[in-house]
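The structure appears right after this line, and notes come after that.
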Amino acid sequence: MKIIRAKDYKDMSRKAANIISAQVIMKPACVLGLATGGTPVGTYAQLIDWYNKGDLDFSEVTTVNLDEYRGLPRTHEQSYWYFMQKNLFEHVNVRPDHIHVPDGSNPDAEAACREYDQIIRDVGGIDLQLLGIGIDGHIGFNEPGEAFELGTHCVDLTESTIEANKRFFDGNEALVPRQAYTMGIKTIMQARKVLMVANGANKAEIIKKAFFGPVTPELPASILQMHPDFILVGDEEALSLV
Ligand code: F6R
């Protein structure tokens with residue numbers, strides 16, 4: 001485990017983008033595992049900036065995203081597909097047929113998850129997986145208590161996640177999807193390199209517990225202590241307790 005300290009959010013985003021761009025430069029036809037959420041937005045903005053300056057080329061890159069709400073079509077503004085288009089894909093030259101996000105519009109959960117694991121196998125596995133961390137230690141939609149040995153699977157969203165997400169659905173809890181398809185911990189651990197970004201004081205406690213405490217399914221991110229090539233890039237606030 002390697003921990004890289006950044007001054008602030010901008011510095012964290014720049015350092016993380018540097019690691020991703022090194023991956024793309026060293027292996028132009030690499031497979032990037034990507035995340036949504038607030039934390040990586042600055043990292044994507046930095047990658048877009050370098051792409052616009054001619055320093056980065058995504059033409060051979062393949063992407064696989066961590067997760068997607070079950071029941072939302074790609075066109076829905078709260079789908080993770082839509083988020084990725086707006087925050088990265090529309091702005092760089094990733095080939096549309098190289099972009100993969102679990103198919104939230106497929107009601108057959110088993111088939112959707114099986115197909116996604118097959119896609120990850122077919123592209124040769126993930127070279128670099130980008131992750132954020134939830135304040136309860138979740139990664140992807142793998143909430144506390146999830147078995148470590150799962151591949152892509154369907155999860156029920158916890159009440160606290162539904163509550164936290166309703167602000168994106170006109171404040172109407174009834175509109176928040178109840179389930180999601182997510183890469184499992186096994187899928188994430190099989191990535192050749194894992195890069196986590198974390199910022200803000202509200203992540204400090206969980207960062208300390210996850211990476212300086214016992215490895216337990218009750219804290220899903222803690223398993224990353226066992227990954228042979230795990231890098232955490234955090235700002236001063238997120239790393240204030242370690
Ligand atoms: C995103 C994801 C989530 C987030 C986590 C942190 O695809 O799967 O695990 O990484 O909830 O979210 P933010 O970055 O908004 O704090």
Side-chain angles (χ1 to χ4, degrees), residues 1-26 32-53 55-56 65-67 80 83-84 86-88 91 126-144 160-161 163-165 167-168 185 188-189 191-216 218-242:
M1 179 170 72
K2 190 176 280 175
I3 298 183
I4 299 179
R5 284 181 185 269
K7 284 195 292 288
D8 50 25
Y9 181 74
K10 195 164 192 294
D11 190 34
M12 176 206 78
S13 302
R14 204 179 158 83
K15 285 180 160 63
N18 255 309
I19 294 166
I20 297 170
S21 62
Q23 172 69 66
V24 174
I25 291 166
M26 300 289 282
L32 298 180
L34 298 176
T36 62
T39 319
V41 169
T43 305
Y44 296 145
Q46 181 64 77
L47 291 173
I48 294 166
D49 189 41
W50 287 334
Y51 167 75
N52 286 332
K53 289 183 173 139
D55 292 337
L56 263 180
N65 257 79
L66 273 174
D67 42 18
Y80 287 174
F83 174 100
M84 289 307 300
K86 295 294 159 199
N87 286 287
L88 181 65
H91 310 282
I126 300 167
D127 289 300
L128 185 156
Q129 176 64 53
L130 178 65
L131 295 178
I133 183 170
I135 50 172
D136 61 357
H138 71 242
I139 47 178
F141 265 119
N142 297 282
E143 297 285 356
S160 75
T161 302
E163 175 65 26
N165 289 1
R167 67 187 193 277
F168 300 119
I185 300 287
I188 294 168
M189 286 298 281
R192 290 181 270 280
K193 185 188 276 294
V194 177
L195 169 63
M196 175 178 280
V197 281
N199 74 291
N202 65 336
K203 298 283 170 75
E205 192 68 42
I206 200 68
I207 291 286
K208 183 180 162 200
K209 281 195 190 139
F211 304 120
F212 295 88
V215 174
T216 161
E218 290 312 314
L219 207 167
S222 65
I223 188 74
L224 295 166
Q225 292 182 37
M226 319 284 282
H227 193 282
D229 191 0
F230 169 56
I231 306 174
L232 165 64
V233 183
D235 73 349
E236 259 176 23
E237 288 184 341
L239 299 181
S240 59
L241 300 179
V242 302

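If you read the sequence from its start, that first residue is 1, and numbering goes on from there.
- Note: Ile207 CD1 to Glu237 CD = 12.5 Å, rounded to the nearest 0.5 Å.
- Taking each heavy atom of Val233 and Ile19 in turn, the nearest pair found is CG2-CD1, 4.0 Å.
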Derivation of the side chain to side chain contact (heavy atoms under 4.5 Å, CB included) call for Leu219 and Ile206: CA-CA 9 Å; Leu219 207 167; Ile206 200 68; 4.0 Å; yes
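- Between Ile126 atom CD1 and Ile188 atom CD1 the span is 8.0 Å, to the nearest 0.5 Å.
- Here the straight-line distance linking atom CD of Glu236 with atom NZ of Lys7 works out to 9.0 Å at 0.5 Å rounding.
- A distance of 9.0 Å separates CG in Leu47 from CG in Asn18, rounded to the nearest 0.5 Å.
- Legend: residues meeting salt bridge (Lys or Arg N to Asp or Glu O under 4.0 Å) with Lys193, ordered by chain and number and at least two apart, are Asp229.
- In this structure Phe230 satisfies the ring-ring contact (aromatic ring centres under 6.0 Å, His included) test together with Phe211, sequence neighbours excluded.
- A search for salt bridge (Lys or Arg N to Asp or Glu O under 4.0 Å) contacts involving Arg192 returns Asp127, not counting sequence neighbours.
- No more than 12 heavy atoms of other residues, nucleotides or ligands sit less than 6.0 Å from atom CD1 of Ile135.
- Using a distance-only test at 3.5 Å, with no hydrogens or angles considered, no donor-acceptor pair links the side chain of Asn199 to the main chain of Ala238.
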After noting the C-alpha distance and the side-chain angles of Ile139 and Leu224, does the key distance pass the side chain to side chain contact (heavy atoms under 4.5 Å, CB included) rule? CA-CA 10 Å; Ile139 47 178; Leu224 295 166; 4.3 Å; yes
Evaluation steps, side chain to side chain contact (heavy atoms under 4.5 Å, CB included), between Met1 and Leu232: CA-CA 8 Å; Met1 179 170 72; Leu232 165 64; 5.5 Å; no
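- A donor-acceptor pair under 3.5 Å links the side-chain atoms of Gln225 to the main chain of Gly213, judged by distance alone.
- Here the CD1 atom belonging to Ile48 is positioned 10.5 Å from the OG1 atom belonging to Thr43, to the nearest 0.5 angstrom.
- Between the CG atom of Asp11 and the CD atom of Gln46 there is a distance of 10.5 Å, given to the nearest 0.5 Å.
- With hydrogens and angles ignored, the 3.5 Å screen pairs a side-chain donor or acceptor of Tyr9 with a backbone N or O of Thr39.
- Judged by distance alone, the side chain of His91 and the main-chain N or O of Lys86 form a donor-acceptor pair under 3.5 Å.
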Hey, mind stepping through Thr36 and Tyr44 against side chain to side chain contact (heavy atoms under 4.5 Å, CB included) and telling me if it holds? CA-CA 10 Å; Thr36 62; Tyr44 296 145; over 6 Å; no
